[in-house]
Amino acid sequence: MAPRPKAVKIRSLRGPQKYGVAGRSLPELLRKGGKLLQLSFPDCRLCLYEDGTELTEGYFHSIPDNTDLILLAPGETWQGFVSDIDHFLNTFYTQKDDIVEAAQKLLSDEQAPKRQKLLVDLIQNLSENILAESREEDRKWFEGIESRFKNKSSYMRYSCESRIRSYMKEVSSYTAAVHPAAQAEYKRITDLMLDKLKSVKYNGWYFDRREEEAVRLCTTEGWFSCQGSFDRDYCLCKHSINPYSNRESRILFSTWNLDHIIEKKRTIVPTLAEAVKEQDGREVSWEYFYQLLFTLENLKLVHIACHKKTSHNLTCDKTKIYRKRKRTRKVSK
């Protein structure tokens, strides 16, 4: 007895239209589908639309009726919904000017707050001018920024320097809380840190997309990714932002934190002050504290939602607080 015809829905990569096709075997289905979709090649394949699984003769008989299939010509690939989303995004961005125009027309008559926000966000994201660098190329990005900044990277560098400068001020202002007998030594150490920061221009390269990959925190286009809270190795929400793209993103990026894993106020600075007070002839390793306070050894870029303000309960490494004394060799006579 011949098997009953299997009814399926077939489409191609060339368009969304689906066709109902029935066949008793995989070759028959390939032949009919190829004719409908004008893909009559000897090496065409049928795959599940859902996940890209290729049909074999045996598998064909096990699929239920009305299964969605996609017919692939030689050289074409399909990974299921992932391919569909990728195709949508590519089409979306190649036609973004038309989409922006249509969204602006809709927005002009839209009254619902939720739909207004969706349209505004869409227009802003599609109108962004990421690759522009100079003030002349993207004047809107520079609104509210002093005229001395001529390009985006120089301003982003300055914003990073400002954060590091504020950390240095906090460390210096702690001098008054240090034991009176140790204040002079504490100030000497903070002066050494300040000189080091000045020599490296306050590590402003962290936010500068023109810098080498080894020192910047962003891609060459200016995309930053959240590194997750202090107690995680990555961001669970995959937060990302490009402050180079538009004025709104630039402003929002100011809410992201350069968070100290080992806490600055609760731990590092008090430990430094105590180390100076209790040094008893030993030399404090100010470079260790410098790394904790101002470098990526202890700093993470964190979205405001991932910034946990609870106590981190982490301490400085006691073995690194003081310099190891050099052993002197005895010279035999």
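A side-chain donor-acceptor contact under 3.5 Å links Asn129 to the backbone of Glu137. Counting only distance, with no hydrogens or angles, the side chain of Asn298 and the backbone of Ile262 share a donor-acceptor pair below 3.5 Å. The backbone N or O of Cys218 lies less than 3.5 Å from a partner atom in the side chain of Arg216, making a donor-acceptor pair. When atom types are taken as modelled, the side chain of Arg135 and the backbone of Phe149 share a donor-acceptor pair closer than 3.5 angstrom.
A salt bridge links Glu133 with Arg209; the closest basic N to acidic carboxylate O contact falls under 4.0 Å. Under 4.0 Å is where a charged nitrogen must lie from a carboxylate oxygen, and between Arg188 and Glu185 at least one such pair does. In summary, Asp231 and Lys300 do not engage in a salt bridge, as defined by a charged side-chain N under 4.0 Å from a carboxylate O. Between Glu76 and Arg45, none of the side-chain N atoms (NZ, or NE/NH1/NH2) sits under 4.0 Å from a carboxylate O, so this pair counts as no salt bridge. In summary, Lys201 and Glu161 do not engage in a salt bridge, as defined by a charged side-chain N under 4.0 Å from a carboxylate O.
Of the inter-residue distances, the one linking Ser172 atom OG with Asp191 atom CG reads 7.5 Å to the nearest 0.5 angstrom.
For His61, the side chain to side chain donor-acceptor pair (under 3.5 Å) test picks out Glu57, with sequence neighbours left out.
For the side chain to side chain contact (heavy atoms under 4.5 Å, CB included) test with His260, the passing option among Thr267, Leu314, Leu299, Leu292 is Leu299; the others fail. The one candidate from Val8, Leu69, Ile10, Asp68 that meets the side chain to side chain contact (heavy atoms under 4.5 Å, CB included) condition with Lys18 is Asp68.
Atom CD of Glu143 sits in a crowded spot, with more than 12 heavy atoms from other residues, nucleotides or ligands closer than 6.0 Å.
Because its NZ or CZ atom is not both nearer than 6.0 Å to the ring centre of Tyr155 and within 45° of the ring axis, Arg148 does not count as a cation-pi partner of that residue.
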Open item on the list: Set out, in order, the CA-CA distance, both residues' side-chain angles and the distance that settles side-chain hydrogen bond (donor to acceptor under 3.5 Å, both in side chains) for Asn151 and Ser153, then state yes or no.
Closed with: CA-CA 6 Å; Asn151 57 67; Ser153 294; 4.8 Å; no
